[in-house]
Amino acid sequence: QVQLVESGGGLVQAGGSLRLSCAASGSIFSDARMAWFRQAPGLEREFVATISGSGATTLYADSVKGRFTISRDNRANTADLQMDSLKPEDTAIYYCASDQGSIASTLTTAYAYWGQGTQVTVSS
């Protein structure tokens with residue numbers, strides 16, 4: 001059983017910052033790939049950022065490139081998403097995802113494990 005628990009969401013003004021954290025526990029490799037996705041009301045879940053098991057590879061959606069940074073701590077089994085220069089269109093539920101493979105992936109189908117999500121709201 002693998003559990004992913006997100007924290008750090010909240011309400012912030014446009015231009016502000018938030019840091020999301022995802023803690024993984026259970027039967028998962030410490031070098032499993034991890035990612036963040038988001039889903040706004042009425043829209044499909046979309047890719048935000050991913051990081052490979054070693055941390056050497058990171059990929060970002062064009063909409064967040066240069067503003068968001070994904071990182072991980074393999075000893076603690078955590079993955080963080082630092083979000084700067086937030087915009088109202090970043091408002092969504094943010095989900096942490098992981099899988100036993102180590103190669104970074106932007107596809108939802110590449111992830112077997114998902115957290116419950118954390119709400120991020122950016123006011124204009």
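Everything quoted here is computed from the prediction, not taken from an experiment.
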- Message: So, taking the atom named OG1 in T58 and the one named CZ in F68, what distance separates them when rounded to the nearest 0.5 Å?
- Response: 14.0 Å

- Note on the structure: In this structure, CG of L11 is separated from CD of Q119 (nearest 0.5 Å) by 9.5 Å

- What's the shortest heavy-atom distance between M34 and A79, and which atoms? SD-CB, 3.6 Å

- Query: Which residue, S71, S7, C22, forms the side-chain contact (heavy atoms from CB on, under 4.5 Å) with D80?
  - Reply: S71

- Note on the structure: Of all heavy-atom pairs linking L18 and V12, the shortest is CD1-CG1, 4.0 Å

- Message: I'd like to check W36 versus C96 (side-chain heavy atoms, cut-off strictly below 4.5 Å). Are they in contact?
- Response: yes

- Item | Exercise: identify the closest heavy-atom pair between L59 and T106 | CD1-CG2, 4.0 Å

- Evaluate side-chain contact (heavy atoms from CB on, under 4.5 Å) for D90 paired with R38, printing each intermediate quantity in order. CA-CA 9 Å; D90 294 319; R38 67 187 182 187; 2.9 Å; yes

- Query: Between D62 and K65, does at least one N-O distance fall below 4.0 Å, as a salt bridge requires?
  - Reply: yes

- Message: Would you say N77 and S30 are linked by a side-chain donor-acceptor pair, where the criterion is simply a distance under 3.5 Å?
- Response: no

- Note on the structure: Between the OG1 atom in T78 and the CG atom in D73, the distance rounded to the nearest 0.5 Å is 4.5 Å

- Query: Which of these, F37, Y95, F47, sits in a ring-ring contact (aromatic ring centres under 6.0 Å, His included) with Y111?
  - Reply: F37

- Message: How close do L4 and A24 get, counting heavy atoms only, and between which atoms?
- Response: CD2-CB, 3.5 Å

- Heavy-atom closest pair, residues N74 and D31: ND2-CA, 4.1 Å

- Item | S17 to S85 - nearest heavy-atom pair and separation | OG-N, 4.4 Å

- Item | T118 side-chain N/O to G9 backbone N/O, donor-acceptor pair under 3.5 Å | yes

- Task: Determine whether I93 and V64 fall in the same hydrophobic cluster, where Ile, Leu, Val, Met, Phe, Trp and Tyr are linked whenever their side-chain heavy atoms lie under 4.5 Å apart.
- Result: no

- Hey, could you give me the CG/OG1 distance between D99 and T50, rounded to the nearest 0.5 Å? 10.0 Å

- Is there a donor-acceptor pair closer than 3.5 Å between any side-chain N or O of S98 and the backbone N or O of R33? yes

- Message: Between R67 and M83, is there a side-chain heavy-atom distance shorter than 4.5 Å?
- Response: no

- Query: When you look at CD1 of I103, are more than 12 heavy atoms from neighbouring residues, nucleotides or ligands closer to it than 6.0 Å?
  - Reply: no

- Flag if over 12 foreign heavy atoms under 6.0 Å of CD, Q116: no

- Query: Yes or no on side-chain contact (heavy atoms from CB on, under 4.5 Å) for W114 and V2, after CA distance, side-chain angles and deciding distance?
  - Reply: CA-CA 9 Å; W114 293 82; V2 174; over 6 Å; no

- Message: Pair Q82, D84 - check side-chain hydrogen bond (donor to acceptor under 3.5 Å, both in side chains), show working.
- Response: CA-CA 7 Å; Q82 177 66 40; D84 299 317; 2.9 Å; yes

- Counting only heavy atoms not in Q39, do more than 12 fall under 6.0 Å of its CD? yes

- Min side-chain heavy-atom separation E46-T108 under 4.5 Å: no

- Message: Test side-chain contact (heavy atoms from CB on, under 4.5 Å) on Q13 and L86; report intermediate values, then the result.
- Response: CA-CA 8 Å; Q13 287 189 328; L86 282 161; over 6 Å; no

